[in-house]
Amino acid sequence: MNPTSTTIIDTITQIFNSMFSSIDSSIYSALDKITFINTSIIDSTYLEKLLGSSSSSGILLIANSLLIGFILYFTIRHLLSNFSITSSQNPYQFFIKIIFVGICMNSSFFICEQIINLNNLISSAIREIGSNFLDTNICFSNLINTLNLVVSAEENHQTIFSIDGIIKTVVSVGFLNLIFMYSIRYILIKVFILISPFAILCTSMPSTFSFFKSWLKCFISLLFVEIFSSLILIIMFSIEYSVSDVISKLLFVGSVFALMKANNYVKEFLRRN
C-alpha cells in the first residue's frame, strides 16, 4: 500500500475513533436514563399543570366536560327509547359505571404513575437478578466497557476498515440509532399519559371502548420494551467475548439489532395475545 493511501486510511481511522470516543462518553449513560423509566418521567410541574391538579383545570377539565356530555347523551337516548322499540342500557348500571369511570378518570395521573412504577420494579428486579448471577452491573453504561475490551480498532492498532473497525462502527451507529428510538418512546409515554383521562372516559360507552383498548395496548407495549431490553442486556453480558473470537463479536452486533427491534417484537407479541 502506498504512503498516500496509508495516510488517508490513518486519518479516516483517527476521525472515526474520535467520534466513537465522543459517543462512548455520553450516549450509553443517556440510554440508561431514557430506557429504564421510573415515576420521575411524570414529576414535571408543566406536565402536572397541563394534565390538571384538579377536576376543574387542565386536560381533566375537558375530560370532565365530556363526561357530562356522555351523561346527557345517555339520558336523551334513554328518554327517546321510551317512544320507540329500541332498547337502552339499564340507567342504574350506567350511572354506577359512569361514577366509577369518573373516579378513575380523575385519578388517571396516579394510575399511570403506578403502572410505570410496577413496570420499573419488574425490569429492575430482572436486572438485579442478572447482576447477582453475572457479578456485573446490568446497564448500558457498563456495556461500553465490555465492548471496548474485545473490539477496539485504536487499541489493537487496526484501521477502521478492519473487521474490528467495521464492527465498532456498526455498533456505535446502532446505539446512536437506539438513543433516537428510545427518545421517541420517552416522548410517546408522556403523550399517552396526557390522553389517559380520555382513554379511561371511553370505557363508559360500548361504542368508544375500542379507543381505550388501543390506548392501553400501546401504552403497555411502550413500557414493556424496558423489560424486554433488560432481558436482552442480560444475554449480552452473559456471552463470553474474546478478542480472537469473531462469532462472539457478531453476537454482540446481533444483540444491538435485537435492542433496535425490541419495540416491534413487543407489539407483535401483544397483538397475538
Side-chain angles (χ1 to χ4, degrees), residues 28-55 57-60 63-64 100-134 136-143 178-179 181-203 211-237 259 262-267 269-271 273:
Y28 290 87
S29 58
L31 268 172
D32 284 322
K33 294 179 182 178
I34 63 174
T35 303
F36 306 121
I37 294 172
N38 53 33
T39 54
S40 62
I41 192 174
I42 52 181
D43 290 340
S44 169
T45 305
Y46 297 106
L47 188 64
E48 291 180 3
K49 287 181 179 180
L50 188 59
L51 186 61
S53 56
S54 65
S55 58
S57 63
I59 289 176
L60 286 177
N64 279 290
F100 178 75
V101 169
I103 294 171
C104 292
M105 184 187 71
N106 286 279
S107 304
S108 57
F109 192 84
F110 173 78
I111 293 172
C112 290
E113 185 179 33
Q114 297 311 306
I115 294 174
I116 292 171
N117 187 46
L118 176 62
N119 182 77
N120 182 250
L121 287 175
I122 295 173
S123 67
S124 297
I126 291 173
R127 283 180 279 116
E128 185 65 28
I129 293 172
S131 298
N132 293 335
F133 277 100
L134 299 174
T136 185
N137 189 21
I138 306 297
C139 63
F140 286 102
S141 300
N142 197 28
L143 192 62
L178 263 182
I179 199 166
M181 291 173 61
Y182 284 173
S183 295
I184 294 172
R185 168 180 170 263
Y186 189 92
I187 297 299
L188 285 177
I189 289 174
K190 287 198 171 192
V191 171
F192 276 87
I193 292 171
L194 285 177
I195 66 174
S196 60
F198 304 108
I200 295 174
L201 174 62
C202 288
T203 61
F211 179 81
F212 170 77
K213 288 176 63 178
S214 299
W215 171 86
L216 183 62
K217 183 173 288 189
C218 291
F219 186 55
I220 295 299
S221 67
L222 286 170
L223 294 177
F224 198 74
V225 168
E226 180 177 331
I227 297 175
F228 202 81
S229 297
S230 298
L231 293 171
I232 295 175
L233 282 176
I234 291 176
I235 299 300
M236 293 179 75
F237 278 101
L259 286 169
N263 191 41
N264 293 334
Y265 297 148
V266 170
K267 285 182 179 179
F269 174 78
L270 291 177
R271 187 180 68 84
N273 292 275

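Values below: every heavy atom of this structure, side chains too, minus hydrogens, waters and symmetry copies. Treat the numbers as computed from the prediction; the structure is a model and nothing was measured.
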**Message:** Nearest 0.5 Å, please: how far is CG in Leu259 from CG in Leu178?
**Reply:** 5.5 Å
**Request:** To the nearest 0.5 Å, tell me how far Leu121 CG sits from Ile126 CD1.
**Result:** 11.0 Å
**Prompt:** Is Trp215 reaching over with its side chain to a backbone N or O of Phe192, donor-acceptor style, under 3.5 angstrom?
**Reply:** yes
List, one per line, each side-chain donor-acceptor pair under 3.5 Å for residues 196-203, sequence neighbours excluded.
unit_1, atom_1, unit_2, atom_2, d
Ser196, OG, Ile193, O, 2.6
Thr203, OG1, Ile200, O, 2.6

**Asked** Is there side-chain contact between Phe219 and Leu188, with at least one heavy-atom pair below 4.5 Å?
**Response** no
**Request:** List the atom of Ile234, the atom of Gly130, and the distance in Å for their closest heavy-atom pair.
**Result:** CD1-CA, 4.0 Å
**Request:** Kindly compute the distance separating CD1 (Ile138) from CG (Leu233), expressed to the nearest 0.5 Å.
**Result:** 7.0 Å
**Asked** Parallel, tilted or perpendicular for Phe140 and Tyr182, by the 30°/60° rule?
**Response** perpendicular
**Message:** Can a donor-acceptor pair be found, under 3.5 Å and without considering hydrogens, that links the side chain of Ser221 to the backbone of Cys218?
**Reply:** yes
**Prompt:** Are Asn38 and Asn117 close enough that a side-chain donor and a side-chain acceptor fall under 3.5 Å?
**Reply:** no
**Asked** Looking at CD1 of Ile115 and CG of Asn120, how far apart are the two atoms once the value is rounded to the nearest 0.5 Å?
**Response** 13.5 Å
**Item:** From CG (Asn119) to CZ (Phe36), nearest 0.5 Å
**Value:** 11.0 Å
**N/O donor-acceptor pair under 3.5 Å between Asn64 side chain and Leu60 backbone** = yes
**Message:** Testing the basics here: between Ala262 and Val225, what is the closest heavy-atom pair and its distance to 0.1 Å?
**Reply:** CB-CG1, 4.3 Å
**Prompt:** So which pairs with a foot in residues 185-197 pass salt bridge (Lys or Arg N to Asp or Glu O under 4.0 Å), sequence neighbours left out?
**Reply:** Arg185-Glu226
**Fill in**
Here the gap from Ile189 atom CD1 to Ile37 atom CD1, rounded to the nearest 0.5 Å, amounts to 3.5 Å
**Request:** Just jot down the side chain to side chain donor-acceptor pair (under 3.5 Å) partners of Thr136, sequence neighbours excluded, or say none.
**Result:** Asn142
